[in-house]
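One structure below.
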2 protein chains.
Amino acid sequence: MTQEVFSELDLTTLLSLSFSTSINELHDRLRELGFADIRPVHGFMFKCIAPNGATGIELAEYLGITKQAVSKMVDYLEKSGYVIRENHPTDKRGKIIVLTERGWLAVKAKEEILTEIEQRWIEIIGTERLQMLKDDLTTLIYKANEDKSTMRSRPVW
Amino acid sequence: MTQEVFSELDLTTLLSLSFSTSINELHDRLRELGFADIRPVHGFMFKCIAPNGATGIELAEYLGITKQAVSKMVDYLEKSGYVIRENHPTDKRGKIIVLTERGWLAVKAKEEILTEIEQRWIEIIGTERLQMLKDDLTTLIYKANEDKSTMRSRPVW
DNA sequence: AAAATATAGTCAACTTGATTGACTACTTTT
DNA sequence: AAAAGTAGTCAATCAAGTTGACTATATTTT
């Protein structure tokens with residue numbers, strides 16, 4: 001596989017491939033560490049649950065899926081031991097979903113792996129270029145979404 | 001929505017969000033142009049079909065899904081008028097999937113929209129920075145996949 | 001050349017992750 | 001107090017993938 005293969009690719013494809021590359025590596029490593037039952041969406045869900053817990057509705061809005069879909073995902077994560085549902089302190093209708101100890105371990109592992117990946121990318125293109133890359137992507141995401149009231153570009157992983 | 005919201009995001013999340021942003025815009029625009037029945041995967045499939053057609057197996061390998069799944073997708077795209085199955089010229093077992101006129105229109109529209117998006121991004125961060133971005137992403141994808149025999153990072157759109 | 005094996009594609013049944021709709025319990029507004 | 005709204009669950013359905021079984025043709029082996 002030569003670099004020329006990629007050189008004519010449009011930006012969207014490049015973003016797609018680079019995202020796939022990093023997310024695949026993240027989950028390969030998580031699997032090695034014993035977190036084989038976590039799928040890409042869960043990682044993003046965890047970000048919303050940590051550090052203070054979240055309600056089903058909050059998660060649904062955050063992920064851009066229905067509350068019913070969230071409920072099923074929480075069923076799965078609860079069964080797998082990553083989260084538990086607690087009663088909401090003030091609203092007797094509601095539940096609040098919080099991370100278990102195992103959930104926190106997964107979050108910590110995820111962060112460490114992402115740092116490792118980023119570190120390796122720094123070794124390839126250098127600190128300055130990686131910072132520019134992050135800055136530019138941040139700017140572009142910001143510009144594309146500033147007019148929208150809700151953040152439509154749901155991150156899927 | 002302020003830019004600070006994004007500023008602490010890790011690289012993987014930035015890649016995810018920027019990819020979502022561009023793919024959403026692409027399909028919003030395609031919908032406006034009357035191509036509402038195309039989903040993100042189809043775009044990538046079209047890249048393999050054009051310009052010379054492709055067999056089901058080729059598409060399956062390219063997309064990283066089973067040949068049965070490809071067959072269903074082709075059913076859908078054929079019904080929607082984007083492709084047709086022709087008999088393979090040399091192998092009587094095989095079919096060759098080619099773009100119809102409507103299929104070509106969709107591909108052309110897609111390319112134009114992607115160019116527009118890229119152009120708008122140039123207006124935001126400048127030609128040099130966009131070129132650097134593309135170069136860096138290309139390098140990173142290349143480095144991450146050079147050891148692997150098959151390109152595991154399937155682009156999903 | 002015949003037989004055995006492999007390959008391209010389709011059909012059918014099943015799985016998974018999402019959807020919509022209906023419902024219960026509780027909260028907020030009027 | 002009554003009406004309307006909200007949080008969560010249950011059930012049925014849908015969509016996009018999977019595995020397994022099959023037919024027809026190609027290729028390889030003997």
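We name chains A, B, ... by the order of the sequence lines, and we start the count at 1 in each one. Computation of the quantities below employed the complete heavy-atom set of this structure, encompassing side-chain atoms and omitting hydrogens, waters and symmetry-equivalent molecules.
Spacing between atom CD1 of I97(B) and atom C1' of dG9(C) amounts to 10 Å, rounded to whole angstrom units. The separation between I57(A) atom CD1 and dT27(C) atom C1' is 14 Å, rounded to whole Å. For E58(A) and dG8(D), the CD to C1' distance is 13 Å, given to the nearest whole Å. In this structure, K92(A) places its NZ atom 15 Å from C1' of dT28(C), rounding to the nearest Å. The CG-C1' distance, from L59(A) to dA18(C), rounds to 16 Å in whole Å. Regarding K72(B), its NZ atom lies at a distance of 13 Å from the P atom of dT10(C), rounded to whole Å. Distance CD1 (I65(B)) to P (dT19(D)): 12 Å, rounded to an integer number of Å. Atom CD1 in I38(B) sits about 14 Å away from atom P in dA16(D), given to the nearest Å.
Between the side chains of D37(B) and Y76(B), no donor N or O sits under 3.5 Å from an acceptor N or O.
A salt bridge links E25(B) with R120(B); the closest basic N to acidic carboxylate O contact falls under 4.0 Å. Taking 4.0 Å as the cut-off between side-chain N and carboxylate O, D28(B) and R31(B) count as a salt-bridged pair.
Regarding contacts with the backbone of dA16(D), a side-chain N or O of R39(B) is found under 4.0 angstrom from either OP1 or OP2. Contact annotation: S71(B) side-chain N/O to dG9(C) OP1/OP2 distance is not under 4.0 Å. For the pair K95(A) and dT9(D), the criterion of a side-chain N or O lying under 4.0 Å from OP1 or OP2 is met. Look at R85(A) and you'll find a side-chain N or O under 4.0 angstrom from OP1 or OP2 of dT9(D).
The base of dT27(C) lies outside donor-acceptor range of the side chain of R93(A), with no N or O pair under 3.5 Å. Side-chain atoms of Q68(A) and base atoms of dG21(C) include a donor and an acceptor less than 3.5 Å apart. Counting distance only, with no hydrogens placed and no angle test, the side-chain atoms of K67(A) and the base atoms of dG8(D) include a donor-acceptor pair under 3.5 Å.
Using cut-offs of 30° and 60° for the angle between ring planes, the Y82(A) and F35(A) rings count as tilted.
For the pair M73(A) and D91(A), both in contact range of DNA chain C, the more 5′-proximal nearest nucleotide belongs to M73(A).
Looking only at side-chain heavy atoms (C-beta outward), K47(A) and K110(A) come within less than 4.5 Å of each other.
T66(A) comes within 4.0 angstrom of a base, heavy atoms only.
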